[in-house]
Protein chains: 2
Amino acid sequence: MEALTIHEAAETTGWTPRMLRYIERIGLIEPARTEAGYRQYGPGELQRLRTLRELLADHEIGLGDVAFALRLRRDEALSGAVDSWLEAEPQRPEAVSADEWLRWEQEKHARIIAALTTNETMETAA
Amino acid sequence: MEALTIHEAAETTGWTPRMLRYIERIGLIEPARTEAGYRQYGPGELQRLRTLRELLADHEIGLGDVAFALRLRRDEALSGAVDSWLEAEPQRPEAVSADEWLRWEQEKHARIIAALTTNETMETAA
DNA sequence: TCAACCTTATCAAAGCTGTGTCAAGGTTGA
DNA sequence: TCAACCTTGACACAGCTTTGATAAGGTTGA
């Protein structure tokens, strides 16, 4: 037995079954199904459910925010348009310089490549 | 005379004064102020207010979504955490391959550099 | 077989978002 | 001076989001 039912998954992750269905509906975690349609939560899903709670709590964001970030990642027309709009932002005194920001972007790029190639469980930067 | 008052800016951009204050409060467009505290909307702000309306309408997103995207850009701890969580997403059948996605990321990087160097009014990809 | 699960769908309530309106008071310019 | 702006703050309301509870019915395993 590898996969847990929705109630078992709720138990071990601290969510309610209701919320697991909601998290699925907004596209964040979509578990496999049995032939009869029962949801099956595997180790990967359980881990992601736990880290999702941390993510929300640590940064005071909501499920809708994470869903929007996912949408940004999947819809390149959207992310391009939002990026364009934000990039046109006038320089504010306390904002980072273009240089600093570009360096940050490059480091982020390196992180993404690393994540793609190693592809293990993510480091939960608690 | 270069800068418009809040009512004039509302008039020419299609927003209401109330909404311009709201847009400022959530951090999207923060106009300069006169000595007495009156908001002053310059050509840049007016253009951004107009393209903001297009952005929302074209992609069915809300002001809160744009505000979150801005927060993602400004708070690197947040964007790193969200990225990490999303990158751990299990491969879905219809998702793009890692190769395709990496290519997209590289092109995005190039677009960002282009935007930083040219730094003119953004092209509104209508 | 049948208790204890699971499914989807619906009603409901609390809270947040987006927006209007109004009040009390300061600024500006003819 | 004073009408016509501006400011912040508060009250209010419709609609959406988030979450729970409940109902009607299918699945499963001892």
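Convention: sequence-line order gives letters A, B, ...; per-chain numbering from 1. Only this structure's heavy atoms are used, side chains among them; waters, hydrogens and symmetry mates stay out.
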How long is the span from the CG atom in B:L78 to the CG atom in B:L72, to the nearest 0.5 Å?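 If we round to the nearest 0.5 Å, B:L78:CG and B:L72:CG are 5.0 Å apart.
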Generate the contact string for nucleotides 13-22 of chain C. Rules: B means base contact, S means sugar-phosphate contact only, - means no protein heavy atom under 4.0 Å. ----SSBBB-
In whole angstrom, give the distance that lies between atom [atom1] of [X] and atom [atom2] of [N].
X     : N      : atom1 : atom2 : value
A:R39 : C:dC5  : CZ    : P     : 17 Å
A:I6  : C:dT7  : CD1   : P     : 5 Å
A:L56 : D:dT19 : CG    : C1'   : 14 Å
A:L4  : C:dC5  : CG    : P     : 14 Å
A:R25 : D:dC16 : CZ    : P     : 13 Å
B:E60 : D:dC16 : CD    : P     : 12 Å
A:E35 : C:dT7  : CD    : P     : 15 Å

The criterion is side-chain contact (heavy atoms from CB on, under 4.5 Å); which residues satisfy it with [X], sequence neighbours excluded?
X     : result
A:A32 : none
B:E11 : none
B:R53 : B:W15
A:P17 : A:I6, A:H7, A:A10, A:R21

I'd like a table of atom pairs between the protein and nucleotides 23-27 of chain D - only N or O on both sides, under 3.5 Å - with the distance next to each one.
residue, atom, partner, partner atom, Å
D:dG26, N2, A:Y38, OH, 2.5
D:dT27, O4', A:Y38, OH, 3.0

A:R48 side chain to A:I29 backbone, donor-acceptor under 3.5 Å: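 Absent.
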If pairs are Watson-Crick or G-U with both distances under 3.5 Å, what is the dot-bracket string of DNA chain C, marking crossing pairs with [ ] and pairs to another strand with |? ||||||||||||||||||||||||||||||
Across the strands shown, which category fits A:R33 at heavy-atom distances under 4.0 angstrom: base, sugar-phosphate, nothing?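 Counting heavy atoms under 4.0 Å across all strands, the contact made by A:R33 is with sugar-phosphate only.
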Please tabulate, for the side chains in residues 60-71 of chain A, all donor-acceptor contacts under 3.5 angstrom to protein atoms that are two or more places apart in sequence or on a different chain.
residue, atom, partner, partner atom, Å
A:D65, OD2, A:G62, N, 3.0
A:R71, NH2, B:H59, O, 2.5

Mind checking salt bridge (charged side-chain N to carboxylate O under 4.0 Å, His left out) for A:R33 and listing every partner two or more places apart, or none if nothing turns up?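 A:R33: salt bridge (charged side-chain N to carboxylate O under 4.0 Å, His left out) contacts with A:E24.
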Quick one: list whatever passes side-chain hydrogen bond (donor to acceptor under 3.5 Å, both in side chains) with B:T13, sequence neighbours left out.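 With neighbours one apart ignored, the set is empty.
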Are A:Q40 and A:T34 close enough, and set up right, to give a side chain to side chain contact (heavy atoms under 4.5 Å, CB included), and what steps lead you there? CA-CA 7 Å; A:Q40 293 189 293; A:T34 68; 3.3 Å; yes
Where is the tightest heavy-atom contact between B:L46 and B:Y41, given as atom of each residue plus distance?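 That closest heavy-atom pairing would be CD2-CB, 4.0 Å.
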What nucleotide, of C:dT7, C:dC5, D:dT8, holds the atom closest to the side chain of A:T5?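 Of C:dT7, C:dC5, D:dT8, C:dC5 is nearest to the side chain of A:T5.
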